[in-house]
Every structure is written in structure tokens, then in C-alpha cells.
*Asks:* 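Here it is, the structure, as C-alpha cells.
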Amino acid sequence: MRCKAILRFVSAAALVLSLGSATTAQAGDAVELTIKPDNIDISASYRGTVLHVEGLAPKGSEIVARFTGAPADLALRQKGKVFNLLWMNLGTVHLQHVPTVFLVTSSQPLARVHGDELGLAAVHNGIKVQEQMANDLDLAAELIKLKQQDGLYRETTGGITTAENGRFSADLRIPSRLSPGTYAVEIFALNEGSIAGSVSAPVSVKLVGMPAWIDDMAKNSSLLYGILSTLVAIFGGLAIGLLCQSKGGAH
């Protein structure tokens, strides 16, 4: 009886060990992510920041890192010439599913690792234009160009360090033109043309200090905000006028 009990104990221990090793193997296929800092504070001196991301992906994977804002609807004024003389507003064009921010970087060119659908091509395909212009202008492509000029959209290659054990790290440059809200850092591990694993983590962006005080006053004390804005405009105009007079006197 004692021998049977010992055999049952050994069998149970072997089963636990085998389950434990299977769990480790499964965890090895997952993608781990750490973000520093995990929140962004916009103060009066904010000029953009850098998010450091690092983690663990399946060995041999190419890494794609994205910083994205929630998609929103957008209305654009349509400009045109009237009687071939004057530029005027001819209407409004509505676009849907436009990410507020879309920054992507990859360890290899996306086309080389079959990851085009993780870059700006996915944004272009996802934007819906409600009213198509008569000249068949690709509004989604033009909007992406404008966002790139503002630094809100970006697709780059490089800047991601990978190691043979699956470790990776990267620095994501975040632009200064950022609105408060919740954004996402996403990591995709690509292997042989397919996504071997992915992970996402939220990043909260909030106003602090003077910007937060002004924003709160504009929303909750609109009368005081209007009076202060008027006073600032008046005294600012007076200061500029005095400055111009003093420079004019010097001549």
C-alpha cells in the first residue's frame, strides 16, 4: 500500500510539472509590454515627450509598435473658385473613422514583413468619405498628408532594438499637438508574414497646472473666462502698441 501511495504521489508530481512546463511554453508565445511613463501630463511647458516601450515577443519576430488615438468623425470645408475668380467655401465633406493620432514604427519595412495593414495603408482603407468630390480627389490620402505635416501621423522603420531571446525596446516620439484623452500603445510580433502575438496598453493624457486651470474655468466659469480673455487681449494689444511705438521712436 505504501508503494502504491508513493507511485500515486510521483505520478501527480510529474503531472503538475508537465502542466507547469506547458504553461511556460504558452507564456513564451505571448507578448509582454512595459511602458515608461504610462501616462502623459500636458503642462504649460509641454513640447512633446518620448515613451519608452520594452517587452518580450516570440523569438525571431519582427516588431511593430503603434501609438494610436481613438477614431473620430471629421468635417472638412470644401474650398473652390467661384466664377474662376474668388476662393470660397463650397460645402462640407464628412469623413468617418479618422484616428486622432497614428504613429507606427517597425523593426523592418512593413511591406517586407507583410505588415502593410498595420501602417498608414490601414488608415487610408478605414477612412470613409460620405460625400465624394467631383474631381475624384483621394480625400483620405490628402488628409493623411495633412496629418503627417502636423506630426500626428507617422510611419517609420528602425528605432526598435530586438534580441535573439525575443526582448525588444523602442522609443516612441509623441508630438506636442496632443489632446487630452486615452490613447493606446500596441505591439505586434510578426513572424513569417503573420501576426504571432500582440498586446495593447492604454496611455492616459491629461492637462495639469495652468492648462488644466484654464480648461476648467472655460468649462465651469464661462463668464469669468470671457472677462479674463478680454482683459488679456486688451492689455496684450496695449503692450504690443507700446512696443511698436518705442521701436518707431528709436528710428
Side-chain angles (χ1 to χ4, degrees), residues 24-43 45-71 98-126 144-206 208:
T24 302
Q26 187 173 7
D29 294 333
V31 180
E32 299 175 5
L33 172 64
T34 302
I35 308 170
K36 297 178 182 178
D38 54 0
N39 293 300
I40 299 175
D41 293 338
I42 300 180
S43 64
S45 60
Y46 177 76
R47 297 294 182 273
T49 188
V50 174
L51 292 183
H52 179 76
V53 299
E54 62 183 23
L56 181 65
K59 295 180 181 178
S61 299
E62 299 296 341
I63 302 299
V64 178
R66 303 198 311 193
F67 179 86
T68 60
V98 181
T100 53
V101 178
F102 193 91
L103 312 174
V104 56
T105 185
S106 53
S107 56
Q108 292 289 334
L110 290 177
R112 185 181 301 173
V113 294
H114 304 286
D116 287 330
E117 289 304 314
L118 298 176
L120 290 176
V123 177
H124 180 269
N125 295 335
I144 289 174
K145 291 179 183 177
L146 290 176
K147 293 279 190 178
Q148 287 178 308
Q149 293 174 4
D150 291 339
L152 297 175
Y153 284 11
R154 187 174 64 235
E155 181 178 315
T156 59
T157 301
I160 298 180
T161 302
T162 58
E164 293 182 355
N165 61 0
R167 286 281 173 191
F168 66 88
S169 65
D171 290 331
L172 304 179
R173 290 186 294 106
I174 308 302
S176 57
R177 297 184 61 177
L178 203 63
S179 300
T182 300
Y183 297 79
V185 170
E186 302 168 298
I187 301 295
F188 298 89
L190 301 181
N191 203 333
E192 298 181 353
S194 61
I195 298 177
S198 64
V199 65
S200 176
V203 174
S204 176
V205 178
K206 65 179 186 299
V208 298

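Computation of the quantities below employed the complete heavy-atom set of this structure, encompassing side-chain atoms and omitting hydrogens, waters and symmetry-equivalent molecules.
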*Asks:* Do the side chain of T105 and the main chain of G158 share a donor and acceptor less than 3.5 angstrom apart?
*Replies:* yes
*Asks:* Can a donor-acceptor pair be found between the side chains of E62 and S107 at a distance below 3.5 Å?
*Replies:* yes
*Asks:* Could you report the tightest heavy-atom contact between T100 and G69, atom names first, then the distance?
*Replies:* OG1-CA, 3.3 Å
*Asks:* So which heavy atom on L33 is nearest to which on A201, and how close?
*Replies:* CD2-CB, 4.0 Å
*Asks:* For L110 versus G119, what's the shortest heavy-atom pair and its separation?
*Replies:* CD1-CA, 3.7 Å
*Asks:* For the pair S106 and T157, evaluate side-chain contact (heavy atoms from CB on, under 4.5 Å) and give the outcome as yes or no after the intermediate values.
*Replies:* CA-CA 5 Å; S106 53; T157 301; 4.0 Å; yes
*Asks:* Locate the shortest heavy-atom distance separating P58 from A189; write the atom from each residue and the value.
*Replies:* CD-CB, 4.0 Å
*Asks:* Do the rings of Y153 and F102 sit parallel, tilted or perpendicular, given the 30° and 60° boundaries?
*Replies:* perpendicular
*Asks:* If only atom types and distance count, is the side chain of E155 paired as donor or acceptor with the main-chain N or O of L120 below 3.5 Å?
*Replies:* yes
*Asks:* So L152 and R177, do their side chains get closer than 4.5 Å, heavy atoms only?
*Replies:* yes
*Asks:* For the CZ atom on R173, are there more than 12 heavy atoms of other groups (residues, nucleotides or ligands in this structure) within a distance under 6.0 Å?
*Replies:* no
*Asks:* When rounded to the nearest 0.5 angstrom, what distance separates CZ in F188 from OG in S200?
*Replies:* 7.5 Å
*Asks:* Walk me through it: do T68 and E186 pass the test side-chain contact (heavy atoms from CB on, under 4.5 Å)?
*Replies:* CA-CA 8 Å; T68 60; E186 302 168 298; 3.6 Å; yes
*Asks:* About how many Å separate OG1 of T34 and CD of E54, when rounded to the nearest 0.5 Å?
*Replies:* 5.5 Å
*Asks:* Return the CG to CG distance between L56 and N165, rounded to the nearest 0.5 Å.
*Replies:* 7.0 Å
*Asks:* Judged by atom type as modelled, is there a donor-acceptor pair below 3.5 Å linking the side chain of R66 to the main-chain atoms of L118?
*Replies:* yes
*Asks:* Return the minimal non-hydrogen interatomic distance between D116 and A121, and the atom names on each side.
*Replies:* O-CB, 3.6 Å
*Asks:* With rounding to the nearest 0.5 angstrom, report the CD1 to OG distance, I42 to S179.
*Replies:* 7.0 Å
*Asks:* Mind checking the NZ-CZ spacing from K147 to R154? Nearest 0.5 Å is all I need.
*Replies:* 14.5 Å
*Asks:* Rounded to the nearest 0.5 Å, what separation is found between the CD1 atom of I160 and the CG atom of D171?
*Replies:* 10.5 Å
*Asks:* Show, in sequence, the C-alpha distance, side-chain angles and deciding distance for L51 and I40, and conclude whether the side-chain contact (heavy atoms from CB on, under 4.5 Å) test is met.
*Replies:* CA-CA 9 Å; L51 292 183; I40 299 175; 4.2 Å; yes
*Asks:* What verdict does the side-chain contact (heavy atoms from CB on, under 4.5 Å) test give for Y46 and I174, after you've listed the backbone C-alpha separation in whole Å, the side-chain angles of each residue and the deciding distance to 0.1 Å?
*Replies:* CA-CA 11 Å; Y46 177 76; I174 308 302; 3.9 Å; yes
*Asks:* Might you point out which heavy atoms bring P202 and T182 nearest each other, and give the distance in Å?
*Replies:* CB-CG2, 4.0 Å
*Asks:* Would you confirm whether S61, through its side chain, and I63, through its main-chain N or O, come within 3.5 Å as a donor-acceptor pair?
*Replies:* no
*Asks:* Is any side-chain heavy atom of L172 closer than 4.5 Å to one of L103?
*Replies:* no
